[in-house]
Amino acid sequence: MPSMIKWLICVGLIVTSVTGCRLLRDDSLTWNYIVPDNYVGWLVIQYDCPGGQPLNRQDDVITVRFGEDGLFCTSDSSFGWHGQEHATNTSGIPLPISLRAEESAGGYGICCGLRTGISTNSYELQMDLWWVGNMKNARPQFGLIREEIMQDMIDGKIVPSDW
């Protein structure tokens, strides 16, 4: 009988640790991005954003509706995840998402996703960043807009449409 109790305890610990680890990882999420019609420029999800809204999560689907300025400000913290990304414009037309502009088929779409952080002496910004527009000649480079992001941080409002 004591060996049976030990076996049950071991099984219980294994099940608890495996399911506990699974709860800490979000590896089966689907992100749905809604982009303003005809928007061209940078899209940003700003995490830990003062006055931001919680992510709209229904089961394993998170829906992000970007503002007319390309920003989605969330009170949630950035987190690791794996899964799928889908995008439409406000009118519901699907938008292709590519890892790099040169891999896209051309035309209007989203590319070059980047998770990054920038900090000053008094403020830290965690964000996910993409570029949306005509992929045919797109060569978006994060380094070229870094100064604008820093100035927005100093001014107290991130405005991707100004970059």
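We count residues from 1, following the sequence as given. None of the values given here were measured: they were computed from a predicted structure. Only this structure's heavy atoms are used, side chains among them; waters, hydrogens and symmetry mates stay out.
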Check: V61 main-chain N/O paired with D59 side-chain donor or acceptor under 3.5 Å: no
Nearest-0.5 Å distance that lies between atom OG1 in T30 and atom CZ in R57: 10.0 Å
Pairing residues for R65 by the side chain to side chain contact (heavy atoms under 4.5 Å, CB included) criterion, not counting sequence neighbours: I34, T90
Check: Y39 side chain, N89 main-chain N or O, donor-acceptor pair, under 3.5 Å: no
Spacing of L95 atom CG and I110 atom CD1 [to the nearest 0.5 Å]: 5.0 Å
Smallest separation among heavy atoms of Q46 and M127, with atom names: CA-CB, 4.4 Å
Cluster link L114 to W130, ILVMFWY, side chain under 4.5 Å: yes
Pairing residues for R146 by the salt bridge (charged side-chain N to carboxylate O under 4.0 Å, His left out) criterion, not counting sequence neighbours: none
Shortest non-hydrogen contact between P50 and C73, atoms and distance: O-SG, 4.1 Å
Any residue meeting side chain to side chain contact (heavy atoms under 4.5 Å, CB included) with N38, in chain and number order, not counting sequence neighbours: none
Cluster overlap L43 with V40, hydrophobic side-chain contacts below 4.5 Å: yes
From W131 atom CH2 to C111 atom SG, the distance as rounded to the nearest 0.5 Å: 6.5 Å
Residue pairs passing the salt bridge (charged side-chain N to carboxylate O under 4.0 Å, His left out) test where at least one lies in residues 119-129, sequence neighbours excluded: R115-D128
Whether F66 and F72 hold their rings parallel, tilted or perpendicular, with breakpoints at 30° and 60°: perpendicular
S91 side chain to I93 backbone, donor-acceptor under 3.5 Å: no
Residues forming a side chain to side chain contact (heavy atoms under 4.5 Å, CB included) with P94, sequence neighbours excluded: none
Donor-acceptor pairs are to be reported for all side-chain atoms of residues 155-163 against protein atoms at under 3.5 Å, with residues two or more places apart or in another chain.
residue: D155; atom: OD1; partner: Q151; partner atom: NE2; Å: 3.0
residue: W163; atom: NE1; partner: D152; partner atom: OD2; Å: 2.9
residue: W163; atom: NE1; partner: V159; partner atom: O; Å: 3.3

Any side-chain donor near an acceptor of the partner, S77 and D48, under 3.5 Å: yes
